[in-house]
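Some notes on the structure that comes next.
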Amino acid sequence: MTLLDRRVTPAAARGPAADRRASVGRTLGWAAAVGVPLAFLGVFFAWPVAEIVGRGFVTDGALDLSGVGEVLGRPRTWRILGQTLAQAALGTAGSLLLGIPGAYLLHRCRFPGRDALRAVVTVPFVLPTVVVGVAFRSLLVDGGMLGGLGLDGTLAAIVLALVFFNYAVVVRTVGGLWERLDPRAEQAARSLGASPWRAFRTVTLPALAPAIASAASLTFLFCATAFGTVLVLGGRRFGTVETEIWVQTTQYLDLRAAAVLSVLQLVVVAGALAAAARARARTERALDLGEPVGTAHPVRWRDPVDVTAVVVTAATVLGLLALPLVNLVVRSLRTPTGWGLDHYAALALPADTLRVTPLEAAVTSLRVALDATVIALVVGGLVALVVSRRPRRPVLRRAVGGLDAVMMLPLGVSAVTVGFGFLVAMDAPFGLDVDLRTSGVLVPVAQAVVAVPLVVRTVLPVLRAVDPRLREVAATLGAPPGRVLRTVDLAMAVRSLGLALGLAFAASLGEFGATSFLARPDSPTLPVVVFRLIGRPGAESYGTALAAAVLLAALTAAVVAVCERLRTPGVGGSW
Amino acid sequence: MAPTHHRTRTAALGLVGALALTGCSAVGGGTDAGEGTGGGTVTLVTHESFGLSEGILEQFEQETGLTVEIVQQADSGALVNQLVLTKDAPLGDLVYGVDNTFASRALDEGVVVPAEVTAPAAQDAAAYAVPGDDGALTAIDVGDVCMNVDLTWFDEQGLEPPETFEDLTAPQYADLTVVPDPVTSSPGLAFVLATIGEFGENGWLDYWADLRDNGLQVADGWSEAYYTDFSGGGGEGPRPVVLSYASSPPFTVPEGGDEPTTAALLGTCFRQVEYAGVLAGADNPEGAAQLLDFLLSDEVQADIPTSMYMYPVSSSVELPEDWASWAPLAEEPLEVAPADVAEHREAWLDDWSATVVG
């Protein structure tokens, strides 16, 4: 590491005035690093949300909290809250049960095709629910491939879909820590006569506990705020707080009820985030202890642990992840006269009266996702940089933790609340004569708001793993703060930034919730085209919609696979 | 180490290539359509199903020198609610797609203002005027929401297809029907109104209880119901009776065939009317009025069946041939007064939910 070069003067050689200037500069720099993300989130998230929720609490210009008592007094509210918590708990339990063996197999074992498999399991996480709804329900409906199971319209179907989405969260989070665990402790336990299960239970499991807790709270968060999945697969019978906010806002325009429910959801989400933050803090402390170790071994066919992991993961990947996706592909190849690529050929034709072809929409999607990714990387990167520091003063330390939690909130607030908030807040923001609601600019911004937490969760563990002494050494040697950042932090983070880029890009590509609520000019993204095509009569529209959905899934998979290759070996992004 | 580096570089190059293909948009892009000069801009706010065949709007732009921008979101109900929320700073100049189940809300909230319509079809449109409205909402097209049956399925089963509301609750038609949820879908709401029109405010819930007991399936939206649950929509679902439109059957004429495989039950229809209106506080009310006239012109009216699957209000344009043969409108559609709908909509939906969804 060549931190010294001729142009850098050692600090000792500079005067006290220069020191003071440097200190002021540093303070300003950090203020900007904190200020930019906070301003971004304040303008594009907190303000609109506060505007719309505020309307629910104001009647004729006066604060009116009577809605709180009224909505909380409805038995329905409590039933819905109960359903939300129950579905999220079941979805989380299922994801952990299947995801932990998956984490072991994909991060502790070596086998041909492992990298490809890692990309495949990540795809569902970023697939839009429009697509998943079609892929899942047509399997489960009577006469579908799995119709005999009688799962259609049941709680089990919803839970399966939640696991489908969140399996990767568990695999990533737990696997990221697992591949850094020193295997010698478990080996020692087993050589002393412990059974594989006992060794796992008494040695490995406790070490993994923080990562498992972290994965659980993130999964819980995603499950508790699932919207399209729940409506498409279960209808309002299995309604959650999120779906109820949607109904009250878009269909009833009952902003009072929607506001109370939004606050209720925020309470649940804040609880999950607090748990996640505590669990993550422990995870990251644990990461400090060990250097990444190359512990992956070839699959051992005589070891019951390996065999169990292979069986469970194969069943999950083939039965739960691949089946709906394959089903989608198969149906997209079915034409009125048999089998063929007709629907794919139609992707290059103007889609009915949409004035664009699905391929053009795909290009729009890529452009918008690129914009969203750039925004998310800048904002998320700054957050990760700030949060990775551990100030000595407890107040600052708590503030840093708070920033981390605040930046996660967009994952937990209903898209319809944000969308309607944009409508009331963004007609002339700050008195500027630009109507952001209809300009199309808000689409990448809204997608970036969703992607920022993913960037933070991917980059942060790597920055945290940077030994602070490295920075101190550089600074002592006289490197100005910007140079320390460039040579130490950026160099370390660059490859995790690659993965963050991929995740943010893929998540933006598939984003539908926030995008669909935004007024926008006539240049729809691919998920919007899928949605519109599927809303039209005629088998051709339907077939084209399925082909467009497959294209979307393929684009997503390709982006994730490319970025999987950019990943720092051994450093699992913990998201 | 070396192979990893190599792979990483290849991957990075691939990614850069992919990004380059997208036109290196980073901030920008999407605004490629040049701002038209000339007569200014008129912004049409509409729902997700809006669309006209290629060239039609362009022709309007050429004739008037106006540039048409389209803001497109949500379905009819959510659209009206969004307009109510934004009435102090409207999203555009003209709204198209407010239907008769939400028309009274738009009028009561003062979202639209009266405008003078000069197109000849205005006289036809007047027949659909909302009672008490002084010209703020102009009817553009109509359609019937009706039960559809899969004739092929019933033929194969050797069973006569159902025809009336009552048939759907008969034991031989148990577990055959699927409808979209009226709370989350506008055709679903239309069908609830059809049952209110048929059985009255005191009898309609009993009818739904019977439907429920006869194995009714409720799907989230129209496309779910039609493509996933219905057997005749191309998705090969299990149920041969679905709530759709009177205009759906022509889309099921098989390749090489000349008769549709599905039919609409014209005794179960609720007539949907879609209106357009100039938004209160519009930046360009004159442009909005011009565009409104254009929506009633022969070009647009003749295009509506093929592009939006609705029937034109104009009596002077011809329907497509297969519509004339296979998609007649109901002779006596069921009706509920818009004012009644406005007053009771939420209560009815709550009652429906309590009875059917539980």
Side-chain angles (χ1 to χ4, degrees), chain A residues 133-134 137-138 141-143 147 153 231-232 235-237 247 249-254 336-337 350 352-355 363-364 366-368 370-371 374 420 423-424 427-428 437-438 440 495 498 516-523 531-532 534-539 542-543 559 562-563 565-566 569, chain B residues 4 7-8 11-12 14-15 18-19 22-23 25-27 29-31 43 48-49 51-54 69-74 77-78 81-82 84-86 89 91-92 181 183-184 218-220 222-224 226-229 233-238 245 248 251 254-255 307 309 346 353 357-358:
Chain A
V134 173
R137 267 214 72 212
S138 55
V141 79
D142 269 350
L231 270 188
V232 170
R236 283 183 309 122
R237 194 142 55 95
V247 167
T249 308
T250 62
Q251 303 302 307
Y252 287 14
L253 200 61
D254 185 347
T337 50
D352 218 338
T353 52
L354 297 175
R355 300 166 96 194
V363 173
T364 304
L366 289 170
R367 279 169 180 268
V368 173
L370 180 56
D371 290 347
V374 169
F420 268 62
L423 286 184
V424 296
D427 60 305
R437 302 171 305 175
T438 53
R495 276 202 270 181
S516 72
F517 286 116
L518 289 173
R520 71 198 158 270
D522 213 13
S523 53
F531 178 77
R532 286 196 196 161
I534 230 167
R536 291 177 166 263
Y542 182 65
V559 168
V562 165
C563 294
R565 308 206 138 198
L566 292 174
Chain B
T4 312
R7 266 194 351 204
T8 306
L15 193 66
L19 297 185
T22 71
S25 149
V27 186
T31 52
T43 304
E48 290 282 5
S49 316
L52 290 172
S53 297
E54 228 176 329
E69 292 209 339
I70 294 170
V71 169
Q72 200 170 7
Q73 53 189 349
N81 288 337
Q82 290 178 347
V84 171
L85 257 187
T86 54
L91 290 164
D181 188 329
V183 174
T184 53
V218 178
D220 175 44
W222 172 83
S223 40
E224 280 294 312
Y226 197 79
Y227 287 125
T228 311
D229 292 295
E236 295 175 24
Y245 294 86
S248 303
F251 293 95
E255 213 156 288
S307 59
Y309 319 114
E346 277 75 30
S353 302
V357 174

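This structure is a prediction, so every number in the text was calculated from the model and none was measured. Numbered from 1 within each chain, the chains take letters A, B, ... in sequence-line order.
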| field | Most contacts with chain A, counted as non-hydrogen pairs under 4.5 angstrom, among Val218(B), Asp181(B), Val84(B) | value |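 So the answer, after comparing Val218(B), Asp181(B), Val84(B), is Asp181(B).
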| field | Residue among Pro254(B), Gly92(B), Ala78(B) with most heavy-atom pairs under 4.5 Å to chain A | value |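 Highest number of heavy-atom pairs under 4.5 Å: Ala78(B).
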So for [X], is it side chain, backbone, both, or neither that comes closer than 4.5 Å to the heavy atoms of chain A?
{"X": "Glu255(B)", "answer": "side chain"}
{"X": "Val183(B)", "answer": "both"}
{"X": "Asn81(B)", "answer": "both"}
{"X": "Ser248(B)", "answer": "neither"}

| Run the side-chain contact (heavy atoms from CB on, under 4.5 Å) check on Asp254(A) and Glu346(B) step by step: do they pass? | CA-CA 10 Å; Asp254(A) 185 347; Glu346(B) 277 75 30; over 6 Å; no
| message | Can you classify the ring geometry of Phe251(B) versus Tyr309(B) as parallel (below 30°), tilted (30 to 60°) or perpendicular (above 60°)? | response |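 The rings of Phe251(B) and Tyr309(B) stand perpendicular, inter-plane angle above 60°.
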| message | Tell me if a side-chain donor or acceptor on Arg237(A) pairs with a main-chain N or O of Gly153(A) at a distance below 3.5 Å. | response |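 Yes, the answer is positive, given that a donor and an acceptor are paired below the 3.5 Å cut-off.
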| Hey, does the side chain of Ser307(B) reach the backbone of Ser53(B) with a donor-acceptor pair shorter than 3.5 angstrom? |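 No.
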| query | Is it the side chain or the backbone of Asp427(A) that comes within 4.5 Å of chain B heavy atoms, both, or neither? | reply |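 Only the side chain of Asp427(A) comes within 4.5 Å of chain B.
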| field | pair Asp229(B)-Val141(A): side-chain heavy atoms closer than 4.5 Å | value |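 They are in side-chain contact.
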| field | Side-chain heavy-atom pair Tyr245(B), Trp222(B) within 4.5 angstrom cut-off | value |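 Tyr245(B) vs Trp222(B): side chains touch.
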